[in-house]
Amino acid sequence: MKLERDFYERNDVVKIAQDLLGKTLVTSLNGQYTAGKITELEAYAGRDDKACHANDGLRTKRTEAMYWQGGTAYVYLCYGIHHLFNVVTNREGLADAVLIRAIEPLEGLELMQARRKKPKPDKTLSSGPGTLSAALGINTQQHYGLDLLGDTIWIEDAPAVRKSDRVVSTRIGVEYAEEDALKPWRFYLKDTKWVSKKLKEDKVM
DNA sequence: AATTAGATGTTCT
DNA sequence: GAACATCTAATTA
């Protein structure tokens, strides 16, 4: 079952991020179907979070979609090369988003390998925010601001992940955000290899 | 195994 | 011009 608008429009990105862990991210592009289980993600809040692109009401051509209604795709170009996929949450005007950082491939493996030019479906296929987007065929040109309740990109429901199977850490690559860099807003599944960076000791929250 | 360089668009200084 | 929610291949040890 496809996740509905009210799932995304809740007023708590961190809770939504936790709920999104283990769900299935699907893309159907010109009849090409690929799907993967969300194994790692991070929450970004539009207010009181210096790591967020839309912090302090910052509104640019790039961040515009973060202000749209929950259940919108926010795709942006990182380091001029990688297309990072985010799920916009909260109501229109409140710029929260969840960055999907890794997936475990479930369907369309051959297609993902072809897109990534990988002979084998090992963990480098989709364990990282840039690589998963490439594997699923997501890019800024075609998918920026897309509605996730449509039939191009959407998220399928899946059984909730137990707290004890969820690891918490600080977010990756946000050292510039000063005190907000310490926020424990990155989550990943404990028993999966499909994660960009594992902690030495898993922390559960 | 760990570190480094090179790829390069958008945004801000 | 600098920094950036990154990845890969090459280099060093």
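Numbered from 1 within each chain, the chains take letters A, B, ... in sequence-line order.
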Colleague: Specify the separation, in whole Å, of atom OH of A:Y79 and atom P of B:dT11.
Modeller: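 Between P of B:dT11 and OH of A:Y79: 16 Å.
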Colleague: Across the strands shown, which category fits A:L58 at heavy-atom distances under 4.0 angstrom: base, sugar-phosphate, nothing?
Modeller: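 The answer is sugar-phosphate, as A:L58 gets under 4.0 Å only of primed atoms, P, OP1 or OP2.
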Colleague: Select base, sugar-phosphate, or nothing to describe what A:R186 touches, counting heavy atoms under 4.0 Å on all strands.
Modeller: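 Here A:R186 touches no strand at all.
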Colleague: Rounded to whole angstrom, note down the P distance from C:dA5 over to B:dT3.
Modeller: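 So the two P atoms sit 22 Å from each other.
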Colleague: What's the CD-P distance between A:E64 and B:dT11, to the nearest Å?
Modeller: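 The answer, rounded to whole Å, is 11 Å.
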Colleague: Which is true for A:R62 with a 4.0 Å heavy-atom rule: it touches a base, it touches only sugar-phosphate, or it touches nothing?
Modeller: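 Result for A:R62 = sugar-phosphate.
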Colleague: If you take atom types as modelled and just measure distance, does the side chain of A:H82 reach the base of C:dA5 with a donor-acceptor pair under 3.5 Å?
Modeller: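 Donor-acceptor pair under 3.5 Å: no.
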Colleague: Report yes if a side-chain nitrogen or oxygen of A:Y76 is closer than 4.0 Å to either non-bridging phosphate oxygen (OP1 or OP2) of B:dT11; otherwise report no.
Modeller: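 For A:Y76, the contact criterion (side-chain N or O under 4.0 Å from OP1 or OP2 of B:dT11) is not met.
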Colleague: Just to be sure I understand the rule, does A:T131 reach a base, reach only the sugar-phosphate, or reach nothing, if contact means heavy atoms closer than 4.0 Å?
Modeller: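 Sugar-phosphate, backbone atoms only, no base.
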Colleague: Can we say A:K23 and A:E156 salt-bridge, meaning some charged N sits less than 4.0 Å from an Asp/Glu carboxylate O?
Modeller: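 So A:K23 does not pair with A:E156 through a salt bridge.
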Colleague: Tell me whether A:E40 is salt-bridged to A:K197, with the criterion being a basic N under 4.0 Å from an acidic carboxylate O.
Modeller: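 Not counted as a salt bridge, because no side-chain N and carboxylate O are separated by less than 4.0 Å.
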Colleague: I'd like the C1' distance from C:dA9 over to B:dG9, given in whole Å.
Modeller: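 To the nearest whole Å, 22 Å.
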Colleague: Roughly, in whole Å, what's the span from CZ in A:R115 to C1' in C:dC7?
Modeller: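 After rounding, the gap between these two atoms is 19 Å.
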Colleague: Is the shortest side-chain N/O distance from A:R101 to OP1 or OP2 of C:dT6 below 4.0 Å?
Modeller: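 For C:dT6, OP1 or OP2 has a side-chain N or O of A:R101 closer than 4.0 Å.
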Colleague: Do NZ/NE/NH1/NH2 and the carboxylate oxygens of A:R47 and A:D96 come within less than 4.0 Å?
Modeller: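 A salt bridge links A:R47 with A:D96.
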Colleague: Does C:dA5 have a Watson-Crick or wobble partner in any strand here, with both distances under 3.5 angstrom, and which is it?
Modeller: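 WC or wobble partner does not exist here.
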Colleague: Would a 4.5 Å heavy-atom cut-off, applied to side chains only, mark A:Y67 and A:L94 as touching?
Modeller: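 No, their side chains stay 4.5 Å or more apart.
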Colleague: Just how far, in rounded Å, is C1' of C:dC4 from CG of A:N55?
Modeller: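 My rounded result for the distance is 15 Å.
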Colleague: For A:K50 and B:dC12, what is the distance between atoms NZ and C1' respectively, to the nearest whole Å?
Modeller: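 After rounding, the gap between these two atoms is 17 Å.
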Colleague: From the list C:dC7, C:dA5, B:dA7, which nucleotide is the closest neighbour of the side chain of A:P129?
Modeller: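 Between C:dC7, C:dA5, B:dA7, the one nearest the side chain of A:P129 would be C:dC7.
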Colleague: Let's see if you can work this out: which of C:dA5, C:dT8, B:dT11 has an atom nearest to the side-chain heavy atoms of A:K118?
Modeller: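 Of the options given, the side chain of A:K118 lies nearest C:dT8.
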Colleague: Taking A:R10 first and then A:D19, would you say they form a salt bridge - that is, a charged N and a carboxylate O separated by under 4.0 Å?
Modeller: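 Yes.
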Colleague: If you measure from the ring centre of A:Y44 to the centre of the six-membered ring in the base of C:dA5, is it under 5.5 Å, with the planes under 30° apart?
Modeller: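 The base of C:dA5 is stacked with A:Y44 (centres under 5.5 Å, planes under 30°).
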Colleague: Grab the NE2-C1' distance between A:H83 and C:dC4 for me, whole Å please.
Modeller: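 Atom NE2 in A:H83 sits about 15 Å away from atom C1' in C:dC4.
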Colleague: Look at all strands and tell whether A:L84 reaches a base, only sugar-phosphate, or nothing, counting heavy atoms closer than 4.0 Å.
Modeller: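 It contacts sugar-phosphate atoms only.
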Colleague: Contact class for A:L99 (heavy atom, under 4.0 Å): base, sugar-phosphate, or nothing?
Modeller: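 It contacts base atoms.
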Colleague: Is the shortest heavy-atom distance from the side chain of A:V26 to the side chain of A:T34 under 4.5 Å?
Modeller: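 No, too far: nothing below the 4.5 Å cut-off.
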Colleague: Please give, in whole Å, the distance from B:dT11 C1' to A:M66 CE?
Modeller: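 In whole Å, B:dT11 C1' and A:M66 CE are 15 Å from each other.
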Colleague: Say you pick atom C1' in B:dT10 and the same atom in C:dT8; how far apart are they, in whole Å?
Modeller: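 About 22 Å, rounded to a whole number of Å.
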Colleague: Could you state the CD1-C1' distance from A:I81 to C:dT8, rounded to the nearest angstrom?
Modeller: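 Rounding to the nearest Å, CD1 of A:I81 and C1' of C:dT8 are 10 Å apart.
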